[in-house]
Amino acid sequence: MAAVSRTYVTTPIYYVNAEPHLGHAYTTIIGDAITRWSRLMGNDTKFLTGTDEHGLKIQQAAEAEGVSPQAFVDDIAPKFAAAWDRLNIANDDFIRTTEPRHKAAVAELLQRCYDAGDIELDTFAGKYCVACEEYYQDDELIEIDGVADCCPTHRKPVEYFEEENYFFRLSRFQDRLLDWYAQHPNALTPEHRGNEALGLIRGGLRDFSISRTSLEWGIPLPWDDQHVTYVWFDALTNYLAAVGFGDPDQDYNDWWPATHLIGKDILRQHCVYWPAMLMSAGVELPERWAIGGWLLSGGEKMSKTSGNVVNPLDLIDEIGLDGFRYYVLAETAYGNDGDFTYEGLVGKYNSDLANNLGNLAARVATVVTKKCDGLGTAPDPESALADAARTAFADSASFWEDLQPSRALDATWGLIRATNGYLEQNEPWKAEPGAGVDTVMGDALEALRIVAILCSPAVPDTAQAVWERIGMPGLVSDQRLPDAAAWGQYEAGNEVVKGDPLFPRIKL
RNA sequence: GGCGGCGUAGCUCAGUUGGUCAGAGCAUCCGGCUCAUAAUCGGAAGGUCGUCGGUUCAAGUCCGACCGCCGCUACCA
């Protein structure tokens with residue numbers, strides 16, 4: 001094992017039948033912040049996101065617009081990439097399921113499972129809603145205006161389909177999955193979500209079909225080109241494809257296994273289907289699954305019909321990129337549902353960013369300007385703040401490691417609060433310039449230096465701005481923890497500038 | 001129906017294996033300060049930890065019942 005550890009983090013790939021929305025942004029920002037922290041800790045880190053581009057809905061949407069499916073997805077996929085760009089997402093790769101590398105990986109995984117005897121031909125019959133791309137049980141269907149067997153979602157009659165499908169024999173994996181999870185008790189986080197996954201497995205597993213003959217827009221099975229692979233063998237495999245699975249010239253184990261960030265809605269597929277597929281194929285299982293909740297809007301799930309859809313890019317215009325990122329990361333305990341409200345966004349922004357971080361930077365710069373000739377001064381190695389800094393780093397690190405950004409940031413903000421209190425105690429603005437003031441301000445500058453590092457995964461632009469205003473050279477993102485968080489590194493003589501408020505207060 | 005989760009100060013939530021566990025942040029009130037973005041600092045107030053029982057010397061913390069929310073229930077990010 002190398003001294004440096006490798007971290008490979010993935011988001012779900014997003015289905016391109018809609019443009020990026022807040023839910024996509026939520027998961028992606030969390031992944032970004034987690035991987036930024038990992039890089040700060042000196043790990044080799046790869047962060048992957050991408051788009052899911054196959055399936056009947058895409059095929060139909062393309063037909064409706066009179067374009068080829070490829071042209072359709074080529075139009076939408078870049079919108080996701082562009083959105084992540086705007087959100088300052090530092091993904092190392094962006095995978096599309098229509099790429100050759102992905103198709104190769106899917107073929108490889110399918111073939112392995114087929115060779116293992118876990119994929120078999122069978123007949124599937126049922127009532128099928130084309131819009132949902134899904135079969136329904138009789139008791140799930142509803143009657144509308146006297147018309148029986150209507151899809152409960154789309155409120156249109158379903159069709160009776162019967163087709164030959166290949167099935168993945170998921171039912172064979174129940175014990176193996178339970179054993180594996182028993183041996184890897186920390187693989188599923190947070191715990192209560194993990195329990196749901198285990199409950200699903202204990203409840204019994206049914207084989208699921210993995211192919212369609214009726215579908216054209218997808219990846220053909222390597223041993224039977226009459227069939228196109230369907231949904232999960234296609235989508236999930238992206239995580240392997242992006243690290244070279246299926247490419248003889250690459251070793252996917254250079255990065256594999258992954259930490260998967262997922263939403264609670266796709267827990268079954270990721271925590272039950274996916275590990276079983278990997279077991280069958282002889283691929284190591286993921287290292288970890290982090291299961292997030294929904295980011296609701298005004299207490300309800302976002303939907304077009306509710307009119308409560310929030311466009312993340314609009315919010316950036318109003319409250320700034322880092323204001324938005326901070327809110328998403330700090331307001332909600334990961335794993336639980338969060339509730340997005342404009343009032344909450346502004347409240348968090350004003351209290352944490354404007355009043356605490358922004359104002360601290362401003363008051364420090366002003367006092368340094370007035371009392372220290374605008375040049376930074378050295379901290380006291382034995383400063384009372386040193387302890388707060390140690391605690392802030394240790395707690396932040398622990399919470400980032402636990403994939404709890406909201407708590408990590410609260411721990412970081414503890415140092416900001418401590419610094420404000422420290423200034424209040426010492427009142428350097430009342431004292432004559434001299435050694436006493438210099439030391440107090442050196443302590444505050446040192447605290448700001450550490451805060452800039454610790455908050456950089458969440459608010460990278462702001463962190464860099466603070467870094468520069470206190471006269472630190474280079475990029476804050478090039479700092480490496482834990483060394484960079486050790487107290488006493490701020491050097492006297494740096495030019496300190498005040499600048500405009502980092503976060504102007506916003507009136508509700 | 002089945003499985004799972006939740007219910008702790010006005011709000012968002014912390015509270016490992018039961019014994020300073022009744023907490024933090026925000027909001028509110030009072031006071032201080034004026035370097036700072038009417039920011040900041042200190043203090044106060046605020047909860048019978050959903051309800052009712054039980055186990056125990058001791059229970060938000062374990063057990064049972066109940067009430068109220070919510071998720072999943074099979075192949076839709």
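Since this is a predicted model, take the numbers as computed values, not measurements.
Of all the heavy atoms in A:L445 and A:T377, the pair that sits closest is CD1-N, 3.7 Å. Here the closest heavy-atom approach between residue A:G323 and residue A:L345 is recorded as O-CD1, 4.2 Å.
Checking side-chain atoms of A:Y334 against main-chain N and O of A:A290 turns up a donor-acceptor pair under 3.5 Å. In this structure, the side chain of A:D52 does not engage the main chain of A:I13 through any donor-acceptor pair within 3.5 Å. A donor-acceptor distance shorter than 3.5 angstrom exists from the side chain of A:E446 to the backbone of A:Y490, with no hydrogens or angles considered. Judged by distance alone, the side chain of A:R325 and the main-chain N or O of A:A458 form a donor-acceptor pair under 3.5 Å. Listed for the A:W217 side chain is no donor-acceptor partner under 3.5 Å among the backbone atoms of A:I58.
Heavy-atom neighbours of A:E495 CD from other residues, nucleotides or ligands within 6.0 Å: at or below the threshold of 12. Within a 6.0 Å radius of CD in A:E216, other residues, nucleotides and ligands contribute 12 heavy atoms or fewer. More than 12 non-hydrogen atoms from other residues, nucleotides or ligands lie less than 6.0 angstrom from CD of A:E343.
Nucleic acid contact for A:I210: none, since no nucleic acid atom lies under 4.0 Å from a heavy atom of the residue. Backbone-only contact: A:K498 has heavy atoms under 4.0 Å from sugar-phosphate atoms and none from a base. Across all strands, A:G204 comes closer than 4.0 Å to base atoms (heavy-atom distances). Heavy atoms of A:W413 sit nowhere under 4.0 angstrom from any nucleic acid atom.
If you take CD1 of A:I13 and P of B:A77, they are 10 Å apart, rounded to a whole angstrom. Between A:N420 atom CG and B:U40 atom P there is a gap of 7 Å when expressed in whole angstrom units. Atom CG of A:L445 and atom P of B:A36 are 16 Å apart (whole Å). Between the CE atom of A:M441 and the P atom of B:C35 there is a distance of 13 Å, rounded to whole Å. Rounding to whole angstrom units, NZ of residue A:K507 and C1' of B:A38 are separated by 9 Å. The CD1-P distance, from A:I58 to B:A77, rounds to 12 Å in whole Å. Atom OH of A:Y14 is separated from atom P of B:A77 by 13 Å (rounded to the nearest Å). One interatomic measurement links the two molecules: CD of A:E196 to P of B:G5, which rounds to 8 Å at whole-angstrom precision.
Mapped onto RNA chain B by nearest heavy atom, A:L170 and A:P12 fall at different nucleotides, with A:L170 at the one closer to the 5' end. Comparing A:F208 and A:G358 by the nucleotide of RNA chain B whose heavy atom lies nearest to each, the residue mapping closer to the 5' end is A:G358.
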What pairs of nitrogen or oxygen atoms, one from the protein and one from nucleotides 9-14 of chain B, lie under 3.5 Å apart?
none

For nucleotides 23-34 of chain B, list the nitrogen or oxygen atoms of the protein found under 3.5 Å from its nitrogen or oxygen atoms, one pair per line.
unit_1	atom_1	unit_2	atom_2	d
B:G32	N2	A:E424	OE2	3.2

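Because its glycosidic torsion is within 90° of 0, B:G60 is reported here as syn.
In this structure, A:Y166 and A:H227 have perpendicular ring planes: the angle between them is above 60°, well past the 30° mark. Between A:H270 and A:H260, the ring planes lie perpendicular to each other; the angle is over 60°, past the 30° to 60° tilted range.
Between A:R505 and B:A39, a side-chain N or O to OP1/OP2 separation shorter than 4.0 Å is present.
Taking atom C1' in both B:G64 and B:U55, the straight-line distance is 11 Å, to the nearest Å. Here, B:C33 and B:G68 have their C1' atoms 48 Å apart, quoted to the whole Å. Nucleotides B:A44 and B:C3 are separated by 48 Å at their P atoms, to the nearest Å. To the nearest whole angstrom, the two P atoms, one in B:A14 and one in B:U56, are 32 Å apart. Straight-line distance between the C1' atoms of B:G18 and B:U28: roughly 35 Å, to the nearest whole Å. Rounded to the nearest Å, the gap between the P atom of B:U61 and that of B:U48 is 16 Å. Look at the C1' atom in both B:C21 and B:G60: the space between them is 8 Å, to the nearest Å. Nucleotides B:A36 and B:C41 are separated by 16 Å at their P atoms, to the nearest Å.
Contact check for A:M277 versus A:L236: side-chain heavy atoms found under the 4.5 Å cut-off.
A heavy-atom distance below 4.0 Å to RNA chain B is reached by these residues of residues 264-278 of chain A, ordered by number: A:I266, A:R268, A:Y273.
Listed candidates were B:C72, B:C75, B:U40. Nearest to the side chain of A:L200 is B:C72. Closest approach to the A:N359 side chain among B:C75, B:A36, B:C76 is made by B:A36 (side chain taken as heavy atoms from C-beta onward). Distance from the side chain of A:K370 is smallest to B:C35 among B:C76, B:C35, B:U37.
For the pair A:D410 and A:R417, the salt-bridge criterion is met [side-chain N within less than 4.0 Å of a carboxylate O].
Contacts of A:D93 classified as salt bridge (Lys or Arg N to Asp or Glu O under 4.0 Å), with partners at least two apart in sequence or in another chain: A:R101.
Taking a pair as Watson-Crick or G-U wobble with both distances under 3.5 Å, the runs of three or more consecutive pairs in RNA chain B are B:1-7 with B:67-73, B:10-13 with B:23-26, B:28-31 with B:41-44, B:50-54 with B:62-66.
Residue pairs satisfying the salt bridge (charged side-chain N to carboxylate O under 4.0 Å, His left out) criterion with at least one member in residues 352-374 of chain A, sequence neighbours excluded, are listed as follows: A:K348-A:D352, A:R363-A:E424.
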